[in-house]
Amino acid sequence: DGEWQAPQIDNPEYKGEWKPKRIKNDDYKGAWVQKEIDNPDYVAKSNVYKRGDVGAIGIEIWQVKSGTVFSDFILADSYDDVKAFFEARSVNNDDEKAAKEAYDEANKPAEEETPEETEDLDDDDDKSEI
């Protein structure tokens, strides 16, 4: 059978797809064009993409787990420069772990003392007879 389709009934008044009526506008001067105002301070630069040395970079980092440390970033054009940078600054992971453990040990909160069992202030044994 297939999907149900509504029966089509001919409409004798149908004149085609509807379009809004056009009203003549004697003041129409063509498509609007924004005026351009001269800027005396404007200087055209042909090499906008070229930059000098980058002294710093800014990065916004959203982290889920605290304790992530970023020590060095490098922007370079050469793989050899990156490799030399990495070799000069590489560290031993065991040394990093030992430093982290020492830091955690030095900054851990003082252990909470367990409260001594308090004596029962309500003496249930001393019930007076009625």
Side-chain angles (χ1 to χ4, degrees):
D1 279 347
E3 293 184 25
W4 180 83
Q5 294 180 351
Q8 298 290 322
I9 301 172
D10 289 335
N11 182 359
E13 298 178 10
Y14 181 70
K15 299 176 184 172
E17 186 177 340
W18 180 85
K19 294 180 183 175
K21 293 181 181 178
R22 304 280 305 200
I23 301 172
K24 186 174 180 182
N25 183 357
D26 295 329
D27 295 334
Y28 183 71
K29 298 175 185 173
W32 181 77
V33 178
Q34 182 176 355
K35 294 180 183 178
E36 294 185 10
I37 302 172
D38 290 334
N39 182 355
D41 297 332
Y42 176 74
V43 177
K45 293 184 179 181
S46 61
N47 296 329
V48 176
Y49 59 91
K50 290 189 177 180
R51 301 278 183 215
D53 290 339
V54 177
I57 59 172
I59 298 176
E60 179 178 357
I61 298 174
W62 291 58
Q63 61 183 23
V64 176
K65 183 178 176 184
S66 65
T68 304
V69 178
F70 297 93
S71 60
D72 294 315
F73 293 92
I74 182 170
L75 300 174
D77 294 329
S78 168
Y79 176 74
D80 295 331
D81 292 345
V82 173
K83 190 173 180 181
F85 179 87
F86 178 74
E87 289 173 357
R89 287 165 179 78
S90 65
V91 294
N92 187 350
N93 286 337
D94 294 334
D95 294 341
E96 288 290 321
K97 287 180 184 176
K100 171 77 168 115
E101 289 173 2
Y103 175 82
D104 290 344
E105 183 68 29
N107 292 321
K108 74 177 181 179
E111 292 183 20
E112 295 181 17
E113 296 180 15
T114 57
E116 296 177 7
E117 293 184 18
T118 56
E119 294 181 18
D120 189 11
L121 298 177
D122 295 333
D123 291 333
D124 293 338
D125 298 338
D126 296 338
K127 293 182 182 178
S128 60
E129 295 181 22
I130 300 178

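All heavy atoms count here, side chains included; hydrogens, waters and symmetry mates do not.
- For Lys24, there are no side-chain hydrogen bond (donor to acceptor under 3.5 Å, both in side chains) partners, not counting sequence neighbours.
- Under the rule for a salt bridge (charged side-chain N to carboxylate O under 4.0 Å, His left out), the partners of Lys100 that lie at least two apart in sequence or sit in another chain are Asp104.
- Considering all non-hydrogen atoms of both residues, Ile74 and Asp81 come closest at CD1-O, 4.1 Å.
- Heavy atoms from other residues, nucleotides or ligands lying under 6.0 Å from CG of Asp38 number 12 at most.
- Counting heavy-atom neighbours within 6.0 Å of Phe85 CZ, excluding the residue itself, gives a total above 12.
- Counting heavy atoms of neighbouring residues, nucleotides and ligands inside a 6.0 Å radius, atom CD1 of Ile37 does not exceed 12 of them.
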